Asks: 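The structure that follows is given in the form of structure tokens.
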There are 2 protein chains.
Amino acid sequence: MNASRSPAPARITAKTKLIDAAHDLVRRQGYAATTVDQICAAAGVTKGAFFHHFPSKEDLGVAAAAQWTARAAPLFELPPYTRLEDPLERLLGHIDMRMAMIDGPAEGFTCFVGTMAQETFASNEALREASSESITAYCEALAVDVQAAIDRHGIRDNITAESVAWHVQTVLQGAFVIAKASGDPEKARESVRHLRRYIEAIFNISS
Amino acid sequence: MNASRSPAPARITAKTKLIDAAHDLVRRQGYAATTVDQICAAAGVTKGAFFHHFPSKEDLGVAAAAQWTARAAPLFELPPYTRLEDPLERLLGHIDMRMAMIDGPAEGFTCFVGTMAQETFASNEALREASSESITAYCEALAVDVQAAIDRHGIRDNITAESVAWHVQTVLQGAFVIAKASGDPEKARESVRHLRRYIEAIFNISS
DNA sequence: CACAACATACCAACTGGTTGGTATGTTGTC
DNA sequence: GACAACATACCAACCAGTTGGTATGTTGTG
């Protein structure tokens with residue numbers, strides 16, 4: 001039978017190369033300033049290939065947002081700290097890792113969907129929605145450890161796990177903006193350091 | 001005599017209308033997606049007027065960034081809390097005001113220079129620099145009260161005033177991104193609430 | 001004051017290059 | 001030989017910027 005064959009298991013085709021190129025170019029230039037021709041050139045394929053795989057530039061954006069989510073997943077599984085027993089230590093380990101990632105040129109560590117959402121939130125609902133879903137997925141993954149940390153250690157002022165996770169995401173997105181504007185990744189890391197101190201403060205670490 | 005007369009005192013000319021239109025449209029659509037024709041239409045002038053006042057679209061961007069700084073200045077002078085005696089209360093009052101401003105459509109409360117910097121940091125040094133200067137001016141103005149609050153109340157971990165001011169800016173920029181992506185200003189306000197709690201925590205309020 | 005010389009502010013029509021998208025091949029593989 | 005995966009050639013709309021011009025000040029000088 002095999003009525004619905006599984007989709008070709010992530011071979012390195014023009015499709016994935018186009019998405020990778022979009023991740024790179026959009027983070028560097030923004031969505032609107034990035035042309036289809038540029039993406040094709042960076043991917044080493046022609047326009048025919050582009051429009052064979054994606055009906056429009058917008059559809060590539062949506063696909064690239066979904067792929068961005070998949071690309072972030074390993075952050076919650078692979079690093080060493082993810083196997084720590086205390087969920088609060090896992091959370092702080094995650095923040096330390098995000099801080100360490102903020103280095104080198106901004107296009108290397110900034111967020112594809114955050115950049116795209118900013119340009120399209122009012123003019124292209126499909127792209128805003130796709131970006132929003134990717135950010136939401138990150139926050140939901142992070143909130144799991146936050147909730148576990150609350151269960152273990154307790155937290156001040158009845159703060160919710162979701163709220164903390166979204167705040168982490170907010171500080172990261174803000175740090176990316178500041179890194180881009182100032183040209184100084186250290187300014188961005190400094191804010192993540194403030195975020196870490198805040199997390200330590202709201203959990204009752206002593207208990 | 002009168003060799004260098006002062007420049008015409010801010011009349012409502014095509015120039016100011018074009019800058020206002022740019023502030024509005026760029027915050028809504030981004031810099032690259034906003035066309036000169038759109039700006040002219042919104043300002044109610046022709047393209048001829050545009051290129052009479054600005055040699056290029058880029059020059060308008062630089063002028064609009066400078067004007068954005070001037071537009072933000074009243075935030076540090078006019079509101080009632082700016083006359084409070086305790087600098088920490090002035091700082092918290094400022095944050096409360098920024099939180100209250102996050103309401104309605106995102107293009108109404110988000111940051112022109114933050115948006116522009118994100119799209120141009122790697123491709124247009126003049127616009128990145130102009131945006132950076134505007135953000136820096138905001139942080140320097142804010143740092144004055146932060147330093148006064150440190151002098152009065154003391155602060156944990158030898159945190160510097162500049163670092164706190166930049167963190168405030170970072171959280172605000174991140175809140176704007178989240179508001180745009182999620183379409184929910186409340187998510188953005190929630191992060192500013194976390195920021196407020198952090199500020200309270202790092203100052204030794206009891207002393 | 002008068003008036004030429006010049007500057008400023010603005011406009012409508014146009015242009016050369018760019019952009020997203022299309023129409024029509026060609027090629028490799030089951 | 002059928003079909004997916006590409007490539008080549010092309011187009012209509014759009015975009016930043018230009019051109020040539022008008023209307024309305026402003027200034028220096030007799």
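Source: prediction; values computed, not measured. Keep in mind that the numbers below use all heavy atoms, side chains included, and drop hydrogens, waters and symmetry copies. Residue numbering restarts at 1 for every chain, and letters A, B, ... go by the order of the sequence lines.
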Asks: Give the rounded distance in Å between these two atoms: CZ of B:Phe54 and C1' of C:dT8.
Replies: 15 Å
Asks: Indicate for each nucleotide in nucleotides 11-30 of chain C, in 5' to 3' sequence, whether protein heavy atoms under 4.0 Å reach the base (B), only the sugar-phosphate (S), or nothing (-).
Replies: BB------SBBB--------
Asks: Regarding B:Gln29 and A:Ser123, is there a side-chain donor-to-acceptor distance under 3.5 Å anywhere?
Replies: no
Asks: Would you call B:Glu85-B:Arg152 a salt bridge at under 4.0 Å N-O?
Replies: yes
Asks: Backbone N or O of A:Ala65 within a donor-acceptor pair of the A:Thr69 side chain at under 3.5 Å?
Replies: yes
Asks: For the helix from C:dC1-D:dG30 to C:dC30-D:dG1, how many degrees between its two end axes (five pairs per end), to the nearest 10°?
Replies: 10°
Asks: Do A:Glu186 and A:Arg189 sit within salt-bridge range, that is, some charged N less than 4.0 Å from a carboxylate O?
Replies: yes
Asks: Counting N and O atoms only, with roles assigned by atom type, does the side chain of A:Lys57 sit under 3.5 Å from a partner on the main chain of A:Tyr31, one being a donor and the other an acceptor?
Replies: yes
Asks: Is the shortest distance from a Lys or Arg side-chain nitrogen in A:Glu125 or A:Arg128 to a carboxylate oxygen in the other one below 4.0 Å?
Replies: yes
Asks: Could you tell me the separation between the NZ atom of A:Lys17 and the P atom of D:dA5, rounded to a whole number of Å?
Replies: 14 Å
Asks: Look at B:Glu190 together with B:Arg193 and state whether they make a salt bridge at an N to O cut-off of under 4.0 Å.
Replies: yes
Asks: Give every donor-acceptor pair under 3.5 Å between a side-chain atom in residues 136-149 of chain B and any protein atom, sequence neighbours left out.
Replies:
from, atom 1, to, atom 2, distance (Å)
B:Thr136, OG1, B:Ser132, O, 2.8
B:Tyr138, OH, B:His94, NE2, 2.7
B:Tyr138, OH, B:Arg98, NH1, 3.2
B:Asp145, OD1, B:Arg90, NE, 3.1
B:Asp145, OD1, B:Arg90, NH2, 3.0
B:Asp145, OD2, B:Arg90, NE, 3.4
B:Gln147, NE2, B:Asp151, OD1, 3.1

